[in-house]
Amino acid sequence: MDALSEHRIKIKYIGGLADENVLPGYDGATSIDGITRALHIATHAYMTGEVTTRATALKKASIQLKPAKQGSFIFELIVLIEAYPAMSALAASVGGPMFYDFIKTAFRRATGALDAEPETTSLRKIYERKQPPPLKRPPVDFDELSETLEGSLQAAHRPIGAEGTISSITIGTPRNELVTFNDETKDWVNTQEEAVGLEVVRGNVTRYNSLSRNARVFVDQFERVIPIRPDADFSVGDLSLLTWSLHGSNIGTRNKLDMRVRRVSSASGKVKRLLLADCQRAPEE
């Protein structure tokens, strides 16, 4: 493969056995596989603007594994990219800062930092642009990508536990840390079963992606913004209510919806996202 750019991702295991330059066999191997799969899925999304659940589906890039180094348990994943991402016409798109920023934002969103946004100017402009450049695709929805990454990141967190086997894992560039996995992020990615029963919540849409149909909703009962997406039984005809609520939020007019939802919670019970069964305009107060 003729690579146009090379990006190094440093993975460092800290505490317990890792300080002796070893990992527990099964849990360690599962963790390395999980991190590698998550990086495959995120890189594919960066290159194509598409979310896939298959780590082997990586296009126009490859990832290579370098052996562990002495000290704490440290190894590197080398990402080789051979073409410009489909979502951007920017020459800087194969440069390190934009790629690392994308990985950082995706991994942080997937491990509980719901407000994480791109920090580099080039990537932020892509997400702020209303329409992609000619022949380019819109960027991937970070909420959709983070939900897809959860399974791989559950595996990545496997050695972190109360037994003290491993205390944390850092993912970063050769110089800077991008994200840290610990007990708190492990709790987040290990999701409880979806709630069986429906409940009604009231809130207003603050963001909506017309392609993925994922949204962000400020829920009055929770007093915070939570990701939400239509469930399998949601009527497509009700999508207009989401855009109505978003428009009202943007211009400061009526915007509240009563929504029947199912909760998806973390292992400790914190609400991660809502699955929307149906909704209607809330009565005027």
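Note: hydrogens, waters and symmetry copies are ignored here, and every other heavy atom, side chains too, is used. The shown structure was predicted, so the numbers you read here are calculated from the model rather than taken from an experiment.
Side-chain contact between V179 and K104 is absent, with no heavy-atom pair separated by less than 4.5 Å. Between V217 and L274, every side-chain heavy-atom pair lies at or beyond the 4.5 Å cut-off. Annotation: side chain of R202 is not in contact with side chain of L257 (no heavy-atom distance under 4.5 Å). The side-chain heavy atoms of I126 and F102, taken from C-beta on, include no pair separated by under 4.5 Å. Y127 is not listed as a side-chain neighbour of D141, based on a closest heavy-atom distance of 4.5 Å or more. Considering only heavy atoms from C-beta on, T191 comes within 4.5 Å of E150 through its side chain. Contact of the I166 side chain with the F73 side chain is not registered, since no non-hydrogen atoms from C-beta on lie closer than 4.5 Å. Within the 4.5 Å cutoff, no side-chain heavy atoms of V219 are placed close to those of V271.
Under a hydrophobic clustering in which Ile, Leu, Val, Met, Phe, Trp and Tyr are joined whenever their side-chain heavy atoms come within less than 4.5 Å, directly or via other members, F222 and M259 fall into the same cluster. Follow the hydrophobic side-chain contacts under 4.5 Å out from L178 and you reach F99 in the same cluster. Cluster annotation: L239 is not connected to L211 through the hydrophobic network of ILVMFWY side chains, with a link wherever side-chain heavy atoms come within less than 4.5 Å. Placement of L241 and V236 within a single hydrophobic cluster is found when ILVMFWY residues are connected by side-chain heavy-atom separations under 4.5 Å, directly or transitively.
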Evaluate the criterion side-chain contact (heavy atoms from CB on, under 4.5 Å) for residue pair T121 and R124; output intermediate values, then yes/no. CA-CA 5 Å; T121 301; R124 190 170 62 249; 3.6 Å; yes
Check the pair K256, D220 against salt bridge (charged side-chain N to carboxylate O under 4.0 Å, His left out), reporting the backbone distance first and the verdict last. CA-CA 9 Å; K256 293 295 182 181; D220 295 356; 2.8 Å; yes
After noting the C-alpha distance and the side-chain angles of I103 and V79, does the key distance pass the side-chain contact (heavy atoms from CB on, under 4.5 Å) rule? CA-CA 12 Å; I103 298 300; V79 182; over 6 Å; no
Intermediate values then yes/no, salt bridge (charged side-chain N to carboxylate O under 4.0 Å, His left out), K270 and D187: CA-CA 9 Å; K270 186 174 183 179; D187 172 85; over 6 Å; no
Checking side-chain contact (heavy atoms from CB on, under 4.5 Å) for the pair F181/I11: CA distance, chi angles, key distance, verdict? CA-CA 11 Å; F181 299 161; I11 296 92; over 6 Å; no
Applying side-chain contact (heavy atoms from CB on, under 4.5 Å) to T111 and H157, what does each step give before you reach the verdict? CA-CA 10 Å; T111 53; H157 283 75; 4.2 Å; yes
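Judged by distance alone, with hydrogens and angles left aside, the side-chain atoms of S167 form a donor-acceptor pair with the main-chain N or O of I14 at under 3.5 Å. No donor-acceptor pair under 3.5 Å is formed between the side chain of D258 and the backbone N or O of Q280. A donor-acceptor pair is defined here as one N or O able to donate and one able to accept, closer than 3.5 Å; no such pair exists between the side chain of R273 and the backbone of V264. Side chain of D101 to main chain of P97: no donor-acceptor pair is present (N/O by atom type, distance under 3.5 Å, no hydrogens or angles). R158 places no side-chain N or O within 3.5 Å of a backbone atom of A29 that could act as its donor or acceptor partner. The backbone N or O of W188 lies less than 3.5 Å from a partner atom in the side chain of K272, making a donor-acceptor pair. The main-chain N or O of A155 is never found under 3.5 Å from a side-chain atom of T30 such that the two would form a donor-acceptor pair. S146 contributes a side-chain N or O that, together with a main-chain N or O of F142, makes up a donor-acceptor pair within less than 3.5 Å. Within the 3.5 Å criterion, the main-chain N or O of G172 finds no donor-acceptor partner in the side chain of Y100.
Under 3.5 Å, the side chains of N204 and S245 contain no donor-acceptor pair of N or O atoms.
Within 6.0 Å of CD in E184 there are 12 or fewer heavy atoms belonging to other residues, nucleotides or ligands. The environment of K12 atom NZ is sparse: at most 12 non-hydrogen atoms of other residues, nucleotides or ligands sit within 6.0 angstrom.
The nearest pair of heavy atoms linking V140 to L145 is CG1-CD2, 4.2 Å.
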